[in-house]
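Data block below; observations after.
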Amino acid sequence: MAAATDQYVLAINGGSSSIRFAVYRIEIEPIRILGGKIERIGSPEQHLVFHDVRGKDQRTQRVDMPTAGSAAVFLLDWLERRLDFNTVRAVGHRVVHGLQHVESQTVTPELLRDLHGIVALDWDHLPREIELIEEFRRRYPQLLQVACFDTAFHRTLPRLAQLLPIPRRFDALGIRRYGFHGLSYAYLMQCLTQINPQRAQGRVILAHMGNGVSMAAVKGGASIDTSMGFTPTGGLLMGTRSGDFDPGLMCYLMQSEGLSLEQFSHLINHESGLLGVSESSADMRDLLEREMEDVRAVEAVALFCYQARKWIGAYAAVLNGIDTLVFSGGIGENQPLVRARICDELAFLGIVLDAECNAASEGLISVPASRVEVRVIATDEEWMVATTTWLLAGKQQGASA
């Protein structure tokens with residue numbers, strides 16, 4: 001049973017086909033007591049994975065949701081059986097895009113109206129995130145909810161890094177480079193500061209490599225450039241997203257293939273990237289296993305590593321050198337072979353890996369003589385959401401006292 005003084009914060013991370021969630025008890029810092037995810041929402045294989053620290057209960061179970069839209073209802077029903085909502089102080093939501101909204105803020109009807117107005121920017125994430133916020137509001141209208149924007153970390157981008165080479169009138173409408181994976185980057189920088197404060201204030205390249213992939217150039221603790229732009233589709237190739245390509249290709253394919261706008265969006269967000277090049281899988285683990293027998297898998301992995309090297313080189317130029325390179329995300333944390341292939345041709349930048357440390361995915365994977373310190377840090381976006389939400393809840397309480 002929870003102590004009478006215990007207070008909790010919920011962190012919710014809604015995606016296109018999954019919802020990650022975590023419950024944190026607030027002490028000196030958030031302590032996770034329950035966490036999990038609903039995966040493959042809308043498919044016959046949908047399931048729930050969770051770990052309840054209090055009862056040492058860890059399970060994977062099939063779930064029955066008639067429609068993808070019932071995921072928010074299912075999650076709240078499930079949480080209510082495991083948590084007394086009278087002890088929940090606030091709910092924080094990872095919100096990928098907010099256009100003009102970049103600072104974390106309390107959810108209001110006005111903010112929800114704005115989010116509904118920009119769903120076309122990110123059909124993969126925003127509809128699910130809005131659905132979750134609205135279900136919490138319906139059941140617990142007095143509960144504080146906080147929107148934690150993925151773009152917030154990149155609000156320090158210099159003007160030139162924000163500008164797009166299109167007519168200036170669009171800049172006035174907020175059409176510029178925003179950058180994403182900001183909650184992950186904020187967490188990684190916090191970890192790096194704890195490991196080595198001097199390095200954290202130096203020239204850092206952060207590589208978040210999961211199903212979504214991006215890099216950020218950080219100097220003096222502030223983001224000065226990042227690979228994703230106006231939407232999360234840009235930058236490096238990803239699991240199913242194309243990343244950057246010749247914009248003229250859009251006109252050509254829509255005309256030659258007779259694609260509608262919706263069909264083209266689906267092509268570059270769900271049929272491209274590793275999946276498109278390999279024609280078999282968006283999962284790096286599958287592709288590495290198939291390299292001996294499938295040249296398409298070989299090319300998909302090679303293109304991924306080639307593009308990563310190019311972006312690291314570009315950011316070395318932006319930063320005027322590199323002091324630290326950090327790998328994170330599912331691929332960055334768990335695929336030593338990919339990290340090795342990316343770094344093998346970067347010795348000229350001072351990047352030299354320790355083969356044994358890299359194979360073991362240790363925290364520090366560069367040799368002592370390497371001018372660039374190369375690290376593997378597991379990211380935790382939910383912890384960052386919980387921390388941000390708790391701080392904002394405290395400020396609101398102070399303001400109303």
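We're numbering straight along the sequence, starting at 1. Predicted model, so just to flag it, every value in this text is computed and none were measured.
- No side-chain heavy atom of R169 sits less than 4.5 Å from a side-chain heavy atom of L173.
- Closest approach of G179 to T151, counting heavy atoms only: O-CG2, 3.2 Å.
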**Study point:** Working for side chain to side chain contact (heavy atoms under 4.5 Å, CB included), residues L274 and V301
**Key:** CA-CA 7 Å; L274 292 173; V301 176; 5.7 Å; no
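- Note: N196 CG to L364 CG = 10.0 Å, rounded to the nearest 0.5 Å.
- The two residues L99 and F230 have their closest heavy-atom pair at CD1-CE1, 3.9 Å.
- Checking L10, D52, V53 one by one against L34, the side chain to side chain contact (heavy atoms under 4.5 Å, CB included) holds for a single residue, D52.
- W383 is listed as a side-chain neighbour of E29, based on a closest heavy-atom distance under 4.5 Å.
- Across all their heavy atoms, L132 and A72 have their closest contact at CD2-CB, 3.7 Å.
- Between R159 atom CZ and Q162 atom CD the span is 6.5 Å, to the nearest 0.5 Å.
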**Study point:** Test log, rule salt bridge (charged side-chain N to carboxylate O under 4.0 Å, His left out), inputs R137 and E134
**Key:** CA-CA 5 Å; R137 283 174 68 85; E134 291 181 334; over 6 Å; no
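- Of the N and O atoms on the side chains of R20 and N13, not one donor lies less than 3.5 Å from an acceptor on the other residue.
- Under the 4.0 Å criterion applied to side-chain N and carboxylate O atoms, R296 and E299 are not assigned as salt-bridge partners.
- Minimum interatomic distance between E382 and A22 (heavy atoms only, all atoms of both residues): CB-CB, 4.1 Å.
- Residue-environment remark: OH (Y306) stays at or below the threshold of 12 foreign heavy atoms within 6.0 Å.
- Checked against the 6.0 Å centroid threshold, H181 and F153 do not count as a close aromatic pair.
- Side-chain atoms of S272 come within 3.5 Å of backbone N or O of L267 as a donor-acceptor pair.
- Within the 3.5 Å criterion, the main-chain N or O of L183 finds a donor-acceptor partner in the side chain of D150.
- Formation of a donor-acceptor pair under 3.5 Å by the S227 side chain with backbone atoms of M215 is found in this model.
- Counting only distance, with no hydrogens or angles, the side chain of S361 and the backbone of N334 share no donor-acceptor pair below 3.5 Å.
- Taking the side chain as every heavy atom from C-beta outward, P232 and R241 approach each other to under 4.5 Å.
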Exercise for review: Check the pair R32, Y24 against side chain to side chain donor-acceptor pair (under 3.5 Å), reporting the backbone distance first and the verdict last.
Suggested key: CA-CA 4 Å; R32 182 182 290 216; Y24 292 87; 3.0 Å; yes
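- In this model, no donor atom of one side chain and acceptor atom of the other lie less than 3.5 Å apart for E381 and H208.
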Review point. Going through the distances and angles, do F74 and D77 end up as a side chain to side chain contact (heavy atoms under 4.5 Å, CB included)?
Key: CA-CA 5 Å; F74 172 87; D77 287 345; 5.7 Å; no
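- Within 6.0 Å of CZ on F348 lie more than 12 heavy atoms contributed by other residues, nucleotides or ligands.
- For R339 (side chain) and E333 (main-chain N/O), a donor-acceptor pair under 3.5 Å exists by modelled atom type.
- A 4.5 Å side-chain heavy-atom check between F149 and Y178 finds every atom pair outside the cut-off.
- Side chain of S278 to main chain of S281: a donor-acceptor pair is present (N/O by atom type, distance under 3.5 Å, no hydrogens or angles).
- From D225, atom CG reaches atom OG1 of T156 across 10.5 Å, with rounding to the nearest 0.5 Å.
- Residue R40 qualifies as open at atom CZ: its count of foreign heavy atoms under 6.0 Å is 12 or below.
- Note that CG of L79 is 6.0 Å distant from CZ of F136, once rounded to the nearest 0.5 Å.
- Other residues, nucleotides and ligands contribute more than 12 heavy atoms inside 6.0 Å of the CD atom of E293.
- Residues T379 and G329 come closest through the heavy atom pair CG2-N, 4.4 Å.
- The residue from V204, V372, I365 that alone fulfils the side chain to side chain contact (heavy atoms under 4.5 Å, CB included) condition with L325 is V372.
- Using modelled atom types, no side-chain atom of Q335 and backbone atom of M284 make a donor-acceptor pair closer than 3.5 Å.
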Practice item. Please test L112 against I130 for side chain to side chain contact (heavy atoms under 4.5 Å, CB included), starting from the C-alpha separation and ending with a verdict. Key: CA-CA 7 Å; L112 272 173; I130 292 170; 4.3 Å; yes
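- Separation of atoms CD1 (I38) and CZ (F50) is listed at 11.5 Å; rounding is to 0.5 Å.
- Using a 4.5 Å heavy-atom threshold, the side chains of M209 and I342 count as touching.
- Looking at S370 and V367, their side chains come closer than 4.5 Å, going by heavy atoms from C-beta outward.
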Practice item. Could you please spell out the steps behind the side chain to side chain contact (heavy atoms under 4.5 Å, CB included) verdict for V338 and C305? Key: CA-CA 7 Å; V338 173; C305 297; 4.0 Å; yes
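- In this structure, L160 places its CG atom where only 12 or fewer heavy-atom neighbours from other residues, nucleotides or ligands lie under 6.0 Å away.
- A donor-acceptor pair is defined here as one N or O able to donate and one able to accept, closer than 3.5 Å; no such pair exists between the side chain of Y140 and the backbone of N86.
- In this structure, D84 and Y8 have side chains that are not in contact, with every pair of non-hydrogen atoms separated by 4.5 Å or more.
- Here the CG atom belonging to L164 is positioned 8.0 Å from the CG atom belonging to D171, to the nearest 0.5 angstrom.
- The local environment of CZ in R139 is crowded, with over 12 non-hydrogen atoms from other residues, nucleotides or ligands closer than 6.0 Å.
- A side-chain N or O of R290 and one of S280 form a donor-acceptor pair less than 3.5 Å apart.
- Using modelled atom types, one side-chain atom of R203 and one backbone atom of N320 make a donor-acceptor pair closer than 3.5 Å.
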Review point. What do the steps show when you test E110 against R113 for salt bridge (charged side-chain N to carboxylate O under 4.0 Å, His left out), and what is the final call?
Key: CA-CA 5 Å; E110 293 74 24; R113 180 199 62 215; 5.4 Å; no
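- The local environment of CD in E45 is crowded, with over 12 non-hydrogen atoms from other residues, nucleotides or ligands closer than 6.0 Å.
- Between L126 and V95, some side-chain heavy-atom pair lies under the 4.5 Å cut-off.
- Under the 3.5 Å distance criterion, the side-chain polar atoms of H154 are matched with a main-chain donor or acceptor of F180.
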